[in-house]
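As structure tokens, the structure follows; a few thoughts come after it.
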2 protein chains.
Amino acid sequence: MTQTKTKTTRIQEINRGIILDAALEVFSAYGFRGTTIDQIAEKAGMSKPNLLYYFPRKEDIYVNVLEKTLDDWLTPFRHIDAKGDPLDELAKYIIAKLKLSESRPESSRVFANEILHGAPAIGDFLQTHLRQIVDRKIAVIRTWIDEGRLAPVDPHHLIFMIWATTQHYADFKVQIGAVVPDRVEDEDFYEETAAAIITILFNGIRPRQDY
Amino acid sequence: MTQTKTKTTRIQEINRGIILDAALEVFSAYGFRGTTIDQIAEKAGMSKPNLLYYFPRKEDIYVNVLEKTLDDWLTPFRHIDAKGDPLDELAKYIIAKLKLSESRPESSRVFANEILHGAPAIGDFLQTHLRQIVDRKIAVIRTWIDEGRLAPVDPHHLIFMIWATTQHYADFKVQIGAVVPDRVEDEDFYEETAAAIITILFNGIRPRQDY
DNA sequence: AAAAAACTTGACTGATTGGTCAAAATGTAG
DNA sequence: CTACATTTTGACCAATCAGTCAAGTTTTTT
């Protein structure tokens, strides 16, 4: 067996982690081109050549960061459970994504930036893996609609709306902060946000008699 | 009167326009740092020094492009009319924004990219001008709600939801294309999208007896 | 038609930056 | 303790790129 040895040492594991954490912050703030290896190295507390010892190319760091963020991003989506109550499941999903937007906005931004620029690094992933997962959830939503447990809406656009809205609170935070400067710093802003979004999404904005 | 002469010639007007059009495309694809002046110059069909004759710094081009996109972006929002029917006005706004996402996605992307990276060039604008416009529309929405012509939802979050969703179709086009590859190329995809979004937003996704 | 103003560009320059290299320092296995 | 592998870094290189400059060409004015 010509096995390429891939023994990962303790130091390697630690340093790769440090580098990826530092890189996430820098990439999220400045984008791929706007980020310099020196910036990441400084934030990671090591020399540039040392960093390049762990990730030989700038792109390697970027791809690794992206893979991590993709996972963050998709995990709550995967957790949507066909057997659960439709509204509960979607509410849970929205809350989970908003919580992520709050706790790890950098992650969301790196992802958004990649898509915005045409997904040069993860285009393939989107067309294969993401599409597959989405197809599966689309089927779940259709079933819910067929069973009369959800209003008859277009599943794709429903998903896009939820993605867009939850993503927005991480990616456009600066804009939100400029428009509602007082509330955005509140401890419970994200809970208030979740409640507001869920209310609108569930009930719509058309006035009803029964209020 | 010490008047600085600002006589704009015909050639200046034409060339500035050509440059800004070219720059919009390049900035939207590669971001500020990712764009080189040479790229813009080539796309504009002129030499780099000539381009710099019209806009002395790279940032000048960028700021000018941003101002144009901001205008695109805000015009439909300004058109929301307090005297109109609430649902009609919001539907019109959604349709206008989606139409823009379709016809000028570059514009939307440059704007998104700027916000994503913390709005270094237009932060002030957001905190003053944008905030003012938004405050005014928030008041309109509150009035509509008080009059019982709109369900009692949080006006800020309603606006954010609409912004997020409509923006999404321009900014995340690659992702949408990966997930619904067949439909996205259709002539009437944007009309279908508008209809789906409006349905969800107006009626919500909670199933009702009266279907 | 001549002079002035506006426009255009080839050839540079200095700064930045992704990546290399060889040598030193540190860790580890026997 | 010793030999070997792993980790670390200062010094460096080549490419890229924002911006300059001086010399030319074209357009406008008189």
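The basis for the numbers below is simple: all heavy atoms, side chains too, and nothing from hydrogens, waters or symmetry mates. Proteins come first, then strands; the chains are lettered A, B, ... in the order of their sequence lines, and each starts at number 1.
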(message) Is the shortest side-chain heavy-atom distance between A/His168 and B/Gln167 below 4.5 Å?
(response) no
(message) For A/Phe32, does the six-membered ring have the charged nitrogen or CZ of A/Lys58 within the cation-pi criterion, i.e. under 6.0 angstrom from the centroid and within 45° of the normal?
(response) yes
(request) Tell me, yes or no, whether the heavy-atom count around A/Glu42 atom CD, taken from other residues, nucleotides or ligands under 6.0 Å, exceeds 12. (result) no
(message) Pick the closest DNA chain D nucleotide for B/Arg57 and for A/Tyr54 by heavy atoms, then say which residue is nearer the 5' end.
(response) A/Tyr54
(message) Between B/Tyr53 and C/dC7, is there a contact of a side-chain N or O with OP1 or OP2 at under 4.0 Å?
(response) yes
(message) Assess whether a salt bridge exists between B/Lys68 and B/Asp72, defined as any Lys/Arg side-chain N lying under 4.0 Å from an Asp/Glu carboxylate O.
(response) no
(message) With heavy-atom distances below 4.5 Å as the criterion, would you say the side chains of A/Glu114 and A/Tyr62 are in contact?
(response) yes
(request) Round to the nearest Å and state the distance from B/Ile40 atom CD1 to D/dC17 atom P. (result) 12 Å
(request) Describe the nucleic acid contact of B/Ser47 in one word from base, sugar-phosphate, nothing, applying a heavy-atom distance below 4.0 Å. (result) base
(message) Nearest 0.5 angstrom please: B/Leu20 CG to B/Phe55 CZ, how far?
(response) 4.0 Å
(message) Using whole Å, what does the distance between atom P of nucleotide C/dT9 and atom CD of B/Glu42 come to?
(response) 13 Å
(message) Without decimals, in angstroms, what is the distance between A/Gln12 CD and C/dT28 P?
(response) 12 Å
(message) Expressed as a whole number of angstroms, how long is the span from B/Leu52:CG to C/dT8:P?
(response) 13 Å
(message) Taking any heavy-atom pair under 4.0 Å as a contact, classify A/Phe55: base, sugar-phosphate, or nothing.
(response) nothing
(message) Tell me the interatomic distance from A/Leu51, atom CG, to C/dT20, atom C1', rounded to whole angstroms.
(response) 15 Å
(message) Could you tell me how far apart B/Tyr30 (OH) and D/dC17 (P) are, to the nearest whole angstrom?
(response) 12 Å
(request) Return no unless some side-chain N or O of B/Arg10 is found under 4.0 Å from OP1 or OP2 of D/dT28. (result) yes
(request) Round to the nearest Å and state the distance from A/Asn50 atom CG to C/dA25 atom P. (result) 15 Å
Give me, pair by pair, the N or O atoms of the protein and of nucleotides 15-17 of chain C that are less than 3.5 Å apart, along with how far apart they are.
unit_1	atom_1	unit_2	atom_2	d
C/dT17	OP1	B/Arg33	NH2	3.2

(request) State plainly whether the residues B/Lys92 and B/Asp85 are in salt-bridge range, i.e. N to O under 4.0 Å. (result) no
(request) Nearest whole angstrom, please: distance from the C1' of C/dG27 to the CG of A/Asn15. (result) 13 Å
(message) Less than 4.0 angstrom between a side-chain N/O of B/Thr9 and OP1 or OP2 of D/dT28, yes or no?
(response) no
